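Treat the numbers as computed from the prediction; the structure is a model and nothing was measured.
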Amino acid sequence: MRLTRFFIRRTLQGVLVIWGVVTIVFLLRFITPGSPIDFVAPIDASPELRQSLAENLGLDKPIYQQYGEYVFNLIQGDMGYSFQRGLPASEIIFRRLPATLELAVAATVVAITFSIPLGVISATRRNEPVDYAATSFSLVGISTPNFWLGIMLILVVGVQIDLLPTSRRIIGFGGALELLVTEQNFLGLRVWLSHIILPAVTLGTYFTALIVRLTRSGMLEELGKSYVEASRAKGLPETLVTYKHVLRNTMIPIITVLGLQLGTLIGGAVITESVFDWPGLGTLVIDSIRQRDWPVIQGSIIVIGLGFVVINVVVDALYAYLNPRVELE
């Protein structure tokens, strides 16, 4: 019952957050320089033609009427039509979303795979060479701009060594998986993996370094507590004490960061997608901003905001699972 009330309350809070996002993004269209008509109409368009286009796009109505119609249509799942492409905005957005999700999840996998083991080793072998190496790596990783790292990886790994491709991916994960299931052909997965390695490493390096530092500091704090000494006094193996008790208690803040950063990766992979010409949501938003294609801009930001809300609810639920002392209030 408590869990049900928690999810209901979080859902209502999420609805308010999304409504706020919708309202702010909608109002931005009216305070941003430039009109969508300037990008839709021909350069030599007459005032009559511009007025006709505005009427067809619904841009001639009062702001409150446009807002009410937009919210009403949005509740029904209609994000409007792209000014530039003439297609439903939702179709364009959800066609690009899988590529961004693939990149965000791959970057998260890179971060988890390397950061947590490295942070544990650094904490359990404090002031040893491996600890200094991990600390140095985290400092460099946090300080390195991802666009510079992406360009360096392209120049070194993609151009000089010619080990991995750097251009737009040929096949997505869904297509590669379908090829594997229907034809038992692993070529699609190999091609997809070769294209996603460099962008995932570029996007995940900062978060890898961040989680290394977080894991190390959390482990050091937990290792100094009395329950660790009591566990050792009982004769429990050091590995069991480290990974079952200490690491589990350290995972609470780590999960928070991972959850929030996953949402950040979904919405903030613009630079990485641009460097690697990745066909995701980030490049779509940038292109739409240049073209003043507001239905696509608004729909993209709403999808990103919805992703943040869902991730936050999942993170809170994991809190209660990992630490029963955390109340769902």
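Rounding to the nearest 0.5 Å gives a distance of 10.0 Å between CG of L210 and CD1 of I254. Note that CD1 of I197 and CZ of F276 are 11.5 Å apart. Values are rounded to the nearest 0.5 Å. The distance from atom CG of L220 to atom CG of D131, rounded to the nearest 0.5 Å, is 7.5 Å. To the nearest 0.5 angstrom, L27 atom CG is 5.5 Å from I63 atom CD1. Separating the CZ atom in F137 from the CZ atom in R213 is a distance of 12.0 Å, to the nearest 0.5 Å. Within the model, atoms CD1 of I297 and CD1 of I302 stand 11.5 Å from one another, a figure rounded to the nearest 0.5 Å.
Formation of a donor-acceptor pair under 3.5 Å by the T250 side chain with backbone atoms of V246 is found in this model. Under a 3.5 Å cut-off, the side chain of W278 and the backbone N or O of P199 do not form any donor-acceptor pair. Judged purely by atom type and a 3.5 angstrom limit, N73 uses its side chain to pair as donor or acceptor with the backbone of E69. Put simply, the side chain of T124 gets close to the backbone of I121: a donor and an acceptor are under 3.5 Å apart. Under the 3.5 Å distance criterion, the side-chain polar atoms of T182 are matched with a main-chain donor or acceptor of E178. Proximity of a side-chain donor or acceptor of E273 to a complementary backbone N or O of G282 within less than 3.5 Å is detected. Judged purely by atom type and a 3.5 angstrom limit, R96 uses its side chain to pair as donor or acceptor with the backbone of G280.
Listed by chain and residue number, nothing satisfies the side-chain hydrogen bond (donor to acceptor under 3.5 Å, both in side chains) test with Y132 (two or more places apart in sequence, or in another chain). Listed by chain and number, the residues in a ring pair (Phe, Tyr, Trp, His ring centres under 6.0 Å) with Y67 are F26 (sequence neighbours excluded).
In this structure the side chain of P165 reaches within 4.5 angstrom of the side chain of S194, judged on heavy atoms.
The two residues I171 and A176 have their closest heavy-atom pair at CD1-N, 3.5 Å. In this structure, T215 and I116 approach most closely via the heavy-atom pair CG2-O, 3.9 Å. Across every non-hydrogen atom of P295 and A89, the tightest pair is O-CB, 3.8 Å. Heavy atoms only, all atoms of each residue included: S274 and T283 are closest at N-CG2, 3.9 Å. Between V296 and S288, the closest heavy-atom pair is CG1-OG, 3.2 Å. Scanning both residues, G150 and V275, for their nearest heavy atoms gives C-CG1, 4.1 Å.
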Item checked: Full working for side-chain contact (heavy atoms from CB on, under 4.5 Å) between L187 and R190 -> CA-CA 5 Å; L187 178 62; R190 289 200 298 268; 3.8 Å; yes
Check: Should F114 and V212 be marked as a side-chain contact (heavy atoms from CB on, under 4.5 Å) after you check the CA-CA gap, both sets of side-chain angles, and the distance that decides it?
Finding: CA-CA 8 Å; F114 292 99; V212 166; over 6 Å; no
Next item on the list: Check the pair V22 / Q298 against side-chain contact (heavy atoms from CB on, under 4.5 Å), numbers first and verdict last.
Entry: CA-CA 7 Å; V22 170; Q298 293 167 335; over 6 Å; no
Check: Taking it one step at a time, do T272 and F147 satisfy side-chain contact (heavy atoms from CB on, under 4.5 Å)?
Finding: CA-CA 6 Å; T272 302; F147 71 88; over 6 Å; no
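L139 and I211 are members of different hydrophobic clusters when ILVMFWY side chains are connected at heavy-atom separations under 4.5 Å. No continuous path of hydrophobic side-chain contacts links V15 to V21 [ILVMFWY only; heavy atoms under 4.5 Å]. Criterion: ILVMFWY side-chain heavy atoms under 4.5 Å apart, direct or through other members. Under it, V157 and I154 are part of a common hydrophobic cluster. I304 and I18 fall within a single hydrophobic cluster, where Ile, Leu, Val, Met, Phe, Trp and Tyr side chains are chained together by heavy-atom contacts under 4.5 Å. Using a 4.5 Å cut-off between side-chain heavy atoms of Ile, Leu, Val, Met, Phe, Trp and Tyr, with links allowed through other members, L189 and V109 fall into different hydrophobic clusters.
Under 3.5 Å, the side chains of T202 and N146 contain no donor-acceptor pair of N or O atoms.
For E128, the CD atom counts as densely surrounded, since its 6.0 Å shell holds more than 12 non-hydrogen atoms of other residues, nucleotides or ligands.
The ring-ring contact (aromatic ring centres under 6.0 Å, His included) contacts involving residues 174-220 comprise F173-W192, where partners must be two or more places apart or lie in separate chains.
Among the candidates D293, I92, L284, the single residue satisfying the side chain to side chain contact (heavy atoms under 4.5 Å, CB included) test with S300 is L284. Here the options are L149, V110, I142, the test is side chain to side chain contact (heavy atoms under 4.5 Å, CB included), and the partner is T205; only L149 passes.
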